[in-house]
Amino acid sequence: MKEVPMSTCEREFILKAIRDRKRIDGRQTYDYRRLKVSFGMERGCCIVDLGDTKVLAQVSGKIEEPKKNRPTEGSIIINLELSPMASPAFEPGRPTESGIEMNRILERNIRDSRAVDTESLCIVAGEKVWSIRADVHVLNDEGNIMDAASIAAITALSHFRRPDVSVMGEEVTVHSPEDRDPVPLSVHHMPVCVTFAFFDQGEFLLVDPNRSEERVMDGRMVVGMNMHREICTLMMSGGMLLVKEQVLRCSQIATVKVAEIIELIQRALDKDAQARQAGEKCGFAESVPTNKITTNRKEATAIDTTAAAQQASQVIQEAGPVDKPMSNMLVQAPGTVQIGEGLVNTWDVDDEDMESEEKEGREKSVTNGREAVATSKPTERKRPVKAGEGTVSHAEGSDSEEEETVMLFQGDDETKSTEEPDSTALMQPSNSDKPAKKKGKKKKAAQK
Amino acid sequence: MSSTLGVLSDAERLFIVHGVQDDLRSDGRACEDYRHVQVETDVVSNTSGSARLRLGNTDILVGVKAEMGEPDPGRPKEGKLEFFVDCSANASPEFEGRGGEELAIEVSNALQRIFNSRSTLDLTALCIIPEGQCWVLYVDVLVLECGGNLFDAVSLAVKAALFNTRIPTVVVTADDEGQQEIELSDDPYDVKRLDVDNVPLIVTLSKIGHRHVVDASWEEELCSLARLTVGVTQKGTIAGLNKEGSGSLDPESIYEMIESGKKVGMVLNSRLKEALEKEENSKREKIGFLG
Amino acid sequence: MADSVGKVVIPGDILSEFRASEKTSKVALGPGLRQEGEEVLVTKGGILRHKEPNLYWIDCHQRRYIPAKGEDVIGIVTVKSGDVYRVDIGATQPATLSYLAFEGATKRNRPNVKVGDLVFAKLLVANKDMEPELVCIDSGGHSSGYGVIPADGGFMVHTSLNLVRKILSPNCDILKFLGKNVPFETAVGMNGRIWVKAKTPKDTIVVANAIASSEHMTNAQIRTMIRQLLDKLSGF
Amino acid sequence: MAGLEIISDQGYRIDGRRSSELRKVCARMGVFTQADGSAYIEQGNTKALATVYGPHEVRKGRGKIQHDRAVVNCQFSMATFSTGERKSRPKGDRRSQEMSMHLRQTFEAVIVTELFPRSQIDIYVQILQADGGNYCACVNAATLAVIDAGIPMKDYVCACTAGFIQDSPLLDISYVEESAGAPFLTVAMMPKSEQIVLLEMNSRLHADNMEKVLDLATQGCKDVFAVLDRHVRDHVSESHALMTAS
Amino acid sequence: MPTDSRRVPGPQDSRSPHWYGKHATRQEGDTRPDGRGDHDLRPVYLHAGVVSQATGSAYIEMGQTKVIAAVYGPREIARREEFTMKGRLCCELKFATFACRRRRQHIQDNQEKDGALIVLQALEPAVCLDRFPKSQVDVYITVLQDDGSALAAAITCAAAGLADAGVMMYDIVAGCSVRQCGERQLLDPSVGEELSQEGESAEDHGMVTVGLLPSLNQVSALTLDGHLQQQTAVQAVKTCIGGCQGIYPILKDCLVTSTRKKIPALDPKSSHASTEGQNGQT
């Protein structure tokens with residue numbers, strides 16, 4: 001089943017936009033889409049959402065006989081499944097060439113760079129070792145599967161706990177989670193891939209291409225790196241010619257990106273660990289934001305309206321009455337019905353003016369093209385449970401049904417990324433149930 | 001032989017058939033002459049024995065790797081011989097992917113036929129511990145170019161490779177509780193050689209018109225409806241026989257072909273033996289494909 | 001039955017009594033409803049709509065286009081074979097477009113259509129048994145807006161069929177309101193494809209995203225959203 | 001492999017080379033008669049054989065005909081006896097499919113395919129003996145084979161590996177150094193314009209050393225280019241002499 | 001051992017017990033274990049038209065060796081290759097997994113592919129391929145029990161099947177094999193004689209199978225395994241040809257009865273011999 005063909009008109013337009021340093025979804029050249037990492041009930045299961053690209057990784061372990069030439073080492077097998085569910089272009093059965101290439105890059109990135117220590121997987125040398133298998137399934141392909149898969153794989157591996165094993169002479173006992181809590185894998189470093197898309201024979205460069213940009217690009221380069229600025233894998237093949245300087249520039253950009261992504265993964269892991277210690281509910285069901293219509297709602301993208309700050313008050317007066325909670329169906333206007341709590345106002349404001357580091361350095365980097373997409377409900381929707389002003393909850397994770405996922409914040413108060421050259425205006429905190437905090441932020445922005 | 005290499009027009013076909021009638025072939029040979037044969041052994045380093053052979057423009061590379069394995073339960077006191085033929089895509093675009101598999105199976109069956117009788121190769125020498133461990137010789141044939149008469153070239157190359165095979169001597173020591181330990185001698189020159197005198201060579205006789213020719217080029221193969229492959233040992237015994245092709249042969253011409261096959265086979269065997277001995281002790285620089 | 005007009009119905013609901021209009025005792029069932037013996041069954045989830053005198057249909061959210069005769073669609077030319085172009089309109093099978101179906105096209109003077117071009121055309125033939133057929137001329141033989149869409153500067157957005165119906169309906173003023181502020185040219189295909197072209201790529205992106213995201217907005221919300229965009233645009 | 005030290009303290013490697021020295025490269029063009037173009041190359045102990053058929057009409061898979069350029073089709077296979085451990089399948093596994101894909105992409109970027117629309121160029125490479133740097137030997141052999149077949153190319157494409165062991169960059173990694181787990185970089189490049197056609201890196205290399213290793217690899221590609229160029233010129237002048245003489 | 005995902009295989013390293021049994025020592029003297037002379041055939045039962053679905057079919061029993069063949073008449077070629085004026089004959093030979101003493105695999109191994117090629121090349125000269133251009137005749141042969149010279153029985157059975165299918169043929173093909181151990185030639189050997197090792201040490205030992213077009217006296221299939229002197233090889237081929245001529249009348253008789261059954265209008269009085277049942281022994 002072939003994909004919907006790409007008309008020359010779309011192709012020409014996207015290329016022209018890129019030449020003007022613009023992207024059709026409003027991101028900067030080095031911006032990632034909204035990255036969300038959430039974990040399942042079981043240890044070792046995680047879903048990564050990179051924009052609309054959704055990848056599930058599941059790690060499992062079994063005891064096996066080691067290979068003859070490496071009797072004291074366990075084995076790590078990584079398999080990337082491109083299921084036809086993700087896009088009409090994927091066929092069931094034998095993987096296509098690009099599928100094989102992605103598998104090989106993933107394997108090289110994690111196994112050849114020895115991210116996970118295989119010596120520690122040995123139980124009885126020569127006879128019994130752990131064979132860890134990470135299966136990565138692509139659930140929805142909106143471009144850049146490589147990065148999402150590499151993040152999902154390494155996060156799942158770090159999140160996985162294998163049952164504890166004790167050896168007495170010949171006899172090996174595997175302890176159930178009740179009597180001995182499971183042991184994590186020893187992950188030395190976390191290699192993550194960053195994909196660069198090239199246009200016009202390497203003249204223009206984009207990070208994290210979405211599906212339409214992927215179909216238009218000349219070629220791509222995948223750089224796998226870890227925290228300590230070590231390049232774990234690098235792959236540039238396909239129809240275009242590069243010069244040395246471009247390669248070095250890409251690796252510098254990758255260093256910055258990888259640092260942020262790994263920081264986010266670490267935070268998500270810690271958050272999940274806290275949730276499990278506190279005995280709270282965890283898992284995908286928990287991490288689905290309950291207060292959003294999941295079906296018809298277009299992804300909320302924030303509007304950088306520093307200029308509109310003066311008219312904030314005037315906008316509030318125009319707001320209509322507050323709608324009722326989710327329980328019954330509400331007809332807002334002829335032709336539309338609202339099931340659920342209704343849409344969320346993401347009047348969030350980027351209080352950081354990120355200068356994009358290109359030469360021309362415009363004085364106000366406006367995330368252009370990011371129009372007021374979100375249905376800016378005129379009124380601040382009060383959360384039905386909490387009272388209004390007083391809950392300036394400092395740490396996001398405080399209230400229980402805080403969703404599991406942690407957004408890659410761009411303007412986040414606590415861990416504002418310091419002076420890195422360009423900000424990842426990745427995603428505004430579209431978390432709907434923090435109205436109080438938002439209001440506070442807007443005032444701060446207003447004073448600037 | 002599948003006509004993968006091209007198509008022959010009727011005019012060419014007639015020219016070749018008439019030429020054969022008066023004992024003159026398109027490349028000037030008589031009916032029972034072989035093309036120029038180049039053979040060189042020990043061309044691939046990490047094998048126990050290897051040989052490269054060029055018969056006309058048919059190019060074959062054979063590698064023999066000796067590995068340890070369990071003997072066949074039916075023949076506990078003997079080693080094993082495994083043949084694997086790989087038609088590389090270099091030979092022709094038809095062999096890309098799984099294209100060359102059918103021909104490869106035909107060739108490996110022909111080899112299997114001439115090697116499966118006991119008196120061809122003394123396999124008991126390959127046994128280390130009866131019913132326990134034995135040497136398994138993996139004979140891998142790589143067809144690099146098909147210029148006709150593939151079976152002869154393959155059998156010549158296999159015999160040369162087996163002649164060149166060096167199997168490290170093995171010492172079996174039984175330690176105290178009867179556990180048998182196998183030690184490999186690490187001296188590279190302390191090796192066993194295989195006795196290949198009784199190994200047969202295949203001679204393919206292609207019936208063109210009323211006569212038969214030896215060592216047919218691919219054009220001549222397209223003109224012949226029936227072929228007889230005769231396995232001949234040095235002493236002239238017939239070690240295998242197989243009629244191929246979609247035509248039939250009358251008994252008289254079969255006997256005649258067996259006769260001339262034996263004659264040519266014995267000459268071929270002795271010529272190969274001389275070449276291998278000469279190359280063995282002349283110790284000159286290996287040229288391989290660079291020659 | 002009359003009470004469930006305007007309510008959400010799901011496939012399998014049985015709609016019992018009908019308010020047959022005075023004049024005709026017949027009831028017209030539109031898309032999404034199926035008659036089974038005496039009962040009327042719902043086949044598509046959505047909102048039941050009623051239009052005087054006796055027309056009922058289900059308004060559901062759908063992205064896959066079912067060709068209907070006489071509708072305008074935007075297609076992508078995929079194959080040029082002989083004298084027929086195969087055009088992808090997002091339906092089950094690609095539509096055919098003859099080279100004669102252009103204004104002023106003759107055997108010798110063929111229209112300049114290349115693979116990958118966008119074509120704004122009307123569906124001449126569209127039923128479940130035959131391959132859909134497109135034409136780029138109206139009954140009078142003039143192109144009147146149909147034909148090949150030039151590929152310089154415009155952008156096409158794939159959306160759901162509901163959005164197209166919404167922006168084409170009279171009581172939605174998004175196009176008018178946008179047009180007042182940002183001059184742009186647009187072609188709306190019933191198969192959920194909207195082609196937009198403004199002066200600069202920046203404006204085109206803004207207009208395209210505005211239209212694409214206005215699916216669940218009321219007119220008031222649309223107006224505020226557009227006003228914000230314009231301020232942002234001015235400060236760009 | 002701790003025991004085995006890759007570089008002796010005087011700076012020599014196991015096979016006696018210095019750190020920025022290529023292995024001995026010898027090549028021969030026109031090895032086979034039936035192929036349109038063929039070449040054989042030996043880089044140290046790595047031996048590769050390449051043949052080129054085409055541009056010819058597309059027989060299998062009519063679907064992939066391109067109306068504006070030729071389709072390059074590659075197949076990489078390793079002889080079962082080429083490595084120390086016998087390989088059970090010469091070409092089915094994932095690594096060879098990936099290698100075939102890289103070869104195809106490399107030569108799609110280099111061969112001027114616009115001149116032969118709706119046709120197909122087959123490049124088949126066979127590794128006879130593998131001792132590290134298999135991909136480079138394949139690319140260099142295929143370049144010679146394509147030149148031998150007379151198919152127009154933008155420039156030579158030469159490939160070389162460069163590693164980083166005991167914090168000193170090494171050129172042209174052999175199998176022993178490769179299996180010692182050292183990081184190494186494979187570069188396929190057009191030597192005159194220094195444009196990188198393919199870049200591939202394994203195991204961990206710090207970003208700062210990246211530049212040094214990349215420069216060494218570029219220099220390596222230029223040296224390989226010099227050797228190949230000399231071979232091509234000898235081959236052409238020799239066959240030219242034969243033609244004019246006879 | 002190719003892993004078979006569809007069937008539940010036995011334990012991997014199971015081994016059939018009979019390897020460990022003592023082989024029946026062959027008593028000397030010229031008679032063979034089953035009392036035949038050296039040049040006698042085993043009793044042959046041949047019946048055509050056993051598979052109703054197939055265009056033509058045949059079932060043969062040579063002693064305990066049972067083979068069944070089905071022929072699917074000229075039909076269009078599955079994969080559209082280039083146009084061929086000559087028709088195409090395709091042959092597939094499969095030993096049932098229980099056919100031999102040692103269990104065979106469910107998929108075709110190399111030996112069966114080799115056998116299929118030999119049967120194909122045995123039948124091809126006899127069939128008028130140019131009578132059905134652009135189409136293909138499929139012959140599927142299954143060896144139900146292998147008690148020696150299964151290949152020869154397969155050739156005869158396939159030829160009878162082709163004849164029963166009404167495919168135009170120049171001549172019928174008969175198959176026979178001979179086991180040479182030492183100077184004795186055992187015609188139509190049983191499996192014990194075929195695999196007996198005691199003849200191995202002798203100067204001449206081997207197995208010859210011949211496919212013959214009896215009326216045209218043309219050899220369409222010839223295969224020899226083992227080591228034989230040239231004279232003994234020629235002698236062995238001659239005995240084989242004699243054996244094929246011996247089987248020829250049985251083939252003729254079987255086809256006569258099956259044709260008579262198919263075309264009852266044939267005047268019953270004129271048919272002299274052969275009762276309705278199987279044909280007799282030689």
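Residue numbering restarts at 1 for every chain, and letters A, B, ... go by the order of the sequence lines.
The choice from Lys238(E), Gln218(E), Glu124(E) that makes the most heavy-atom pairs within less than 4.5 Å of chain B is Gln218(E). In terms of heavy-atom pairs under 4.5 angstrom with chain E, the leader among Ile258(B), Ile238(B), Thr237(B), Asn242(B) is Ile238(B). Most heavy-atom pairs under 4.5 Å with chain E: of the set Gly236(B), Pro251(B), Ala110(B), this distinction falls to Pro251(B). Most heavy-atom pairs under 4.5 Å with chain B, from the set Asn217(E), Asp225(E), Val237(E), Val219(E): that is Val219(E). Ranked by heavy-atom pairs under 4.5 Å with chain E, the first of Val232(B), Asp250(B), Leu249(B) is Leu249(B).
In this structure, chain E has a heavy atom under 4.5 Å from the side chain of Leu228(B), while its backbone stays farther away. Residue Leu222(E) touches chain B through both its backbone and its side chain, counting heavy-atom pairs closer than 4.5 Å. Proximity to chain E (any heavy atom under 4.5 Å) is shown, for Thr120(B), by both the backbone and the side chain. For a residue to count as touching a neighbouring chain, one of its non-hydrogen atoms must lie under 4.5 Å from one of that chain's; by this rule Ser108(B) touches chain E with the side chain only. Of the atoms belonging to Leu89(E), not a single heavy atom falls under 4.5 Å from chain B. Interface residue Leu117(E): only side-chain heavy atoms are found under 4.5 Å from chain B.
In terms of modelled atom types and a separation under 3.5 Å, the side chain of Lys113(E) and the main chain of Glu106(B) share no donor-acceptor contact.
Summarising the geometry, atom CD belonging to Glu259(B) is positioned 8.0 Å from atom CD belonging to Gln231(E); distances are rounded to the nearest 0.5 Å. Remark: Tyr255(B) OH to Gln235(E) CD distance equals 8.5 Å, nearest 0.5 Å. Rounded to the nearest 0.5 angstrom, Asn109(B) CG and Asp114(E) CG are separated by 4.0 Å. Rounding to the nearest 0.5 Å places CD1 of Ile105(B) at 13.0 Å from CD of Gln111(E).
The heavy-atom pair separating Ser248(B) from Ser220(E) by the smallest distance is CB-CA, 4.1 Å. Nearest heavy-atom pair, Lys262(B) versus Gln230(E), reported as atom, atom and distance to 0.1 Å: CE-OE1, 3.5 Å. Nearest heavy-atom pair across Arg113(B) and Thr223(E) is NE-OG1, 3.7 Å.
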Full working for side chain to side chain contact (heavy atoms under 4.5 Å, CB included) between Asn110(E) and Gln112(B): CA-CA 10 Å; Asn110(E) 280 357; Gln112(B) 202 70 42; over 6 Å; no

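The local environment of CZ in Arg75(E) is crowded, with over 12 non-hydrogen atoms from other residues, nucleotides or ligands closer than 6.0 Å.
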